[in-house]
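Okay, so here's the structure we're looking at.
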There are 2 protein chains.
Amino acid sequence: MDGTKGKPPRRSRPVRVAEEIKGWVVAHDLRRGDKLPSETEMIARFGVSKGTVREAMRILEAQGLVQTRTGPGGGSFVGEVTAERAKELLANYFYFQELSVSDIYQVRRALEPELAASLAGKLSAAQLAELQGIAEAYAAPAADAEEEMQQHVASLAFHARLADFSQNRLLGFIIAFMARILTDLTVYRRLYEPPNFELWDRGRRHQIDLVEALRAGRAEEARAIMRSHMEGAEALMNQQEARVLRRFIG
Amino acid sequence: MDGTKGKPPRRSRPVRVAEEIKGWVVAHDLRRGDKLPSETEMIARFGVSKGTVREAMRILEAQGLVQTRTGPGGGSFVGEVTAERAKELLANYFYFQELSVSDIYQVRRALEPELAASLAGKLSAAQLAELQGIAEAYAAPAADAEEEMQQHVASLAFHARLADFSQNRLLGFIIAFMARILTDLTVYRRLYEPPNFELWDRGRRHQIDLVEALRAGRAEEARAIMRSHMEGAEALMNQQEARVLRRFIG
DNA sequence: TAAGATTTGTTCGTATGTATC
DNA sequence: GGATACATACGAACAAATCTT
């Protein structure tokens, strides 16, 4: 009946059902919120048991492709994959890849200045105010390690928020994703407590200057500030990483 | 018993079990191939039914985190997320995002020259030969539309392969992912049949010159060639997209 | 507020398939 | 080939969530 008798690794029934449903969604160009057949219908349509259908739905749910509700009018619906979900799934991949700080900064150095330049003169007053608020939130020296960590995370949140404002979804996603990885690294490996206060303070002022350049619509100045900011941030993280390594060794 | 009585959207039991297993893998620093408890053990450990455990495993399987085998010595194993799987999951996200050709090229213009420069003098003879083979495969003019499409796909495969060779997994992944999206666009929207042969031929020669520069270890020349190549490729795709739009309108 | 209808959520028992020894 | 150990799949029953009246 089915032509899948070759050597391929014999996908299980739930996987095949999930693939058929996904193909059905694409073929019919279904959009967010559109309803899928009910469990009972799928049982009949695919000739499988209830458990198999449910496993198939879980597979699609895990990818963010469908959402499910109980009760009358309930069922499964096409659910647009959120950026948050996509970042989680991608983080799973890089969990095994052992990225170095300089790997991430090679990409940041190339992309963040481009983002800054492309946003000059394009942000609303509210967006500029929000960015300024984040940058100024950590103006005062940190009182303890906990506060230092929060400041470090906030400075990354600045970049993530800037990325959210991009019209270019791909560029915005990549930059926000890197900010997320760096946040994880910061918290997990305790890469805060700036070992070089002068460098850290310069980075903070970069962000405030950047908001000004964006407000004034000076694209090339924004690009230059961000380029300089990236160099400083990389140097800072490298010093911190080196310190962590020294702590491990001796 | 469980403290999850707040307003959060009540994650279902399989989802919670999947999260617990994932946390357990991270906490124990399990690596590819390590074995997870059997179905029966999990039923006992989490106090849920077999169906629930199976749904949880499907969730993890869909993310590429575990693989499952039947038979004695079988069970569930930690399975490194492959780059291919990660690209598929990410493509699901951008399926709903309506990226434009210029969105993609804004990122390519920033990253591909960087990749080229960083690979100069770093590739083996075999790798260089493979790239040269891809580039020369479409030297002859295409005989029909089918062959034109294959040439266009091959020219994108050149970039994907170059990305695979990068030591920087993040940079390599992003570039290979963009090549994949562009391939989908090319095939799905029929963006082949170069409307400007001169431009297309120049792109082909760029790739051959690039291989030479990489072999000789001339990083800045490689960067410059790639930068020029990106400009030409973007112009070409914009002409093609415009042609597709005209076809739709009139 | 309460009852009923509808749909997913979960469990259990049983049977089958598959790979290893 | 047979025994063993494991996942895979089915079906029936009941539980829980949510909408309607």
Side-chain angles (χ1 to χ4, degrees), chain A residues 1-21 24-25 30 33-79, chain B residues 1-21 25 33-79:
Chain A
M1 197 38 148
D2 64 341
T4 63
K5 31 176 71 156
K7 55 225 94 122
R10 295 214 38 152
R11 274 120 69 220
S12 63
R13 239 175 278 204
V15 172
R16 288 200 305 252
V17 171
E19 283 169 355
E20 282 203 60
I21 296 173
W24 193 81
V25 168
L30 296 190
D34 290 345
K35 194 171 187 308
L36 268 55
S38 73
E39 268 185 5
T40 339
E41 286 179 73
M42 294 197 183
I43 291 170
R45 187 166 319 194
F46 296 111
V48 296
S49 76
K50 177 169 170 132
T52 302
V53 169
R54 300 195 95 262
E55 286 179 40
M57 297 315 292
R58 294 301 186 191
I59 290 171
L60 297 172
E61 207 178 55
Q63 300 173 76
L65 293 171
V66 308
Q67 292 169 353
T68 281
R69 289 197 303 270
T70 61
S76 295
F77 301 83
V78 178
Chain B
M1 191 119 74
D2 65 342
T4 64
K5 32 175 70 155
K7 57 228 95 138
R10 289 207 44 104
R11 273 120 68 222
S12 63
R13 243 177 275 209
V15 172
R16 287 198 306 252
V17 171
E19 282 169 357
E20 281 202 60
I21 295 173
V25 168
D34 290 344
K35 193 172 187 308
L36 267 53
S38 73
E39 260 186 18
T40 349
E41 286 178 77
M42 294 201 186
I43 291 170
R45 186 169 318 199
F46 296 112
V48 297
S49 76
K50 185 164 37 190
T52 302
V53 169
R54 301 193 93 260
E55 287 179 37
M57 298 316 291
R58 294 303 187 190
I59 291 171
L60 297 172
E61 206 179 56
Q63 300 173 70
L65 293 170
V66 309
Q67 291 169 354
T68 282
R69 288 198 302 271
T70 61
S76 296
F77 302 82
V78 178

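Residue numbering restarts at 1 for every chain, and letters A, B, ... go by the order of the sequence lines.
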Looking at C:dT10, C:dA5, D:dA9, which one has an atom nearest to any side-chain atom of A:P72?
C:dA5
Any chance you could measure A:R58, atom CZ, to B:S12, atom OG, to the nearest 0.5 Å?
3.5 Å
Is the base of C:dT14 touched by the side chain of B:K50 through a donor-acceptor pair closer than 3.5 angstrom?
yes
Could you tell me whether A:G51 contacts a base, only the sugar-phosphate backbone, or nothing, with contacts defined as non-hydrogen atoms closer than 4.0 Å?
nothing
Rounded to whole Å, CD of A:E55 lies from P of D:dG11 at a distance of 14 Å
Given C:dT11, D:dT8, C:dG9, the nucleotide with the shortest approach to the side chain of A:T70
C:dG9
Tell me: CZ of B:R11 to C1' of C:dT10, nearest whole Å?
18 Å
Taking the side chain of B:S38 as its heavy atoms from C-beta onward, which of D:dG11, C:dG9, D:dA7 lies nearest to it?
D:dA7
Taken to the nearest whole Å, CE/A:M57 to C1'/C:dG9 is 14 Å
Round to the nearest Å and state the distance from A:L36 atom CG to C:dT7 atom P.
15 Å
Rounded off to whole Å, could you give me the CZ-to-C1' distance for the A:F77 and C:dT7 pair?
10 Å
Between D:dC6 atom P and B:K35 atom NZ, what is the distance in whole Å?
7 Å
Nearest-Å distance, CZ (B:R16) to C1' (C:dG9)?
11 Å
Of the nucleotides D:dA9, C:dT8, D:dA7, which one has an atom closest to the side chain of A:T68?
C:dT8
Value in whole Å for how far the C1' atom of C:dG9 lies from CZ of B:F46:
18 Å
What's B:R54 touching, base or sugar-phosphate or nothing? Going by heavy atoms closer than 4.0 Å.
base
Quick one: label B:G73 by what it contacts on the DNA or RNA (base, sugar-phosphate, nothing), any heavy atom closer than 4.0 Å.
nothing
